[in-house]
Amino acid sequence: MKKILVVAPHADDETLGCGGTLLKHFNQGDEIYWLIVTDMSLESGFSASQIQTREDEINNIKKLYGFKETYRLGFAPALLDIIPMKDIVVAMSSVIENVKPEIIYSVFRNDVHSDHAVVSDGLMAATKSFRHPSIKKMLAYETLSETEFSLRIDGKSFRPNVFINIEGYLDKKIEIMNCYQSEISEFPFPRSEDAIEAQAKYRGVQAGSKAAEAFMLLKEIS
């Protein structure tokens, strides 16, 4: 049994990036944990109705994945780049110390959304091996509507080198993503059923399977 931590700047990133992989881990008997870095609030411009809808979505999704524990840091979305990095690192470190994960999945550093860059940088600082020796592997996932729109011409685009077969889990991943009613829309919107399925099949072609999720290996200690 392994302890798996998925780090999501915003609720829905975990499903877009590695929903099938999380379901596979759970099915294999691993413990999975969810760290959500930002939360909606009245102070950050969201309505009470939006906040309640998101709370309901998160509570539902926790059950669908079977998360052992969910951690929420409560930072304001789209404003992480003005929050002192020390505050983010300390908050992340506390969760990692509690969970003691062996594998961590997180966002790609060069995604378009500034929150993704901050979360990635904060996580690198919070996961130094001398502080958290439980961590043996870290991988970055791709997030539809963020990763593919990072039109980097300096070679720093998402270039996957790890593929996880999610045959048998794709339909459940899409079902879970549909729980985020305000985040999913009709194709060709990136966060649509068709786009999620197309991406999984494309990555599956690369991996020799019918459906896959792709990652960049950031660190592995054996």
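A heavy-atom distance below 4.5 Å is not found between the side chains of Ser120 and Phe108. Taking the side chain as every heavy atom from C-beta outward, Phe163 and Pro160 approach each other to under 4.5 Å.
Side-chain contact of Glu186 with Ser192: a donor-acceptor pair under 3.5 Å is absent, judged by distance alone. Looking only at atom types and distance, the side chain of Asp111 has no donor-acceptor partner in the side chain of Ser150 under 3.5 Å away. A donor atom on one side chain and an acceptor atom on the other are found under 3.5 Å apart for Tyr169 and Asn27. A side-chain N or O of Tyr105 and one of His25 form a donor-acceptor pair less than 3.5 Å apart.
Evaluation of the side-chain hydrogen bond (donor to acceptor under 3.5 Å, both in side chains) test over residues 122-132, restricted to residues two or more places apart or in two chains, returns none.
When each of Val95, Leu35, Ile96 is paired with Pro101, the side chain to side chain contact (heavy atoms under 4.5 Å, CB included) condition holds for Ile96 and for no other.
By the neighbour-count criterion of 12 heavy atoms within 6.0 Å, atom NZ of Lys3 is densely surrounded, having more than that number from other residues, nucleotides or ligands.
Checked by atom type and distance alone, the side chain of Asn60 never pairs as donor or acceptor with a backbone atom of Asp56 at under 3.5 Å. Between the side chain of Asn59 and the main chain of Glu55, a donor-acceptor pair closer than 3.5 Å is present.
Tyr141 is linked by a ring-ring contact (aromatic ring centres under 6.0 Å, His included) to nothing, counting only residues two or more places apart in sequence or in another chain. Residues forming a side-chain hydrogen bond (donor to acceptor under 3.5 Å, both in side chains) with Lys201 (at least two apart in sequence, or on another chain): Glu197.
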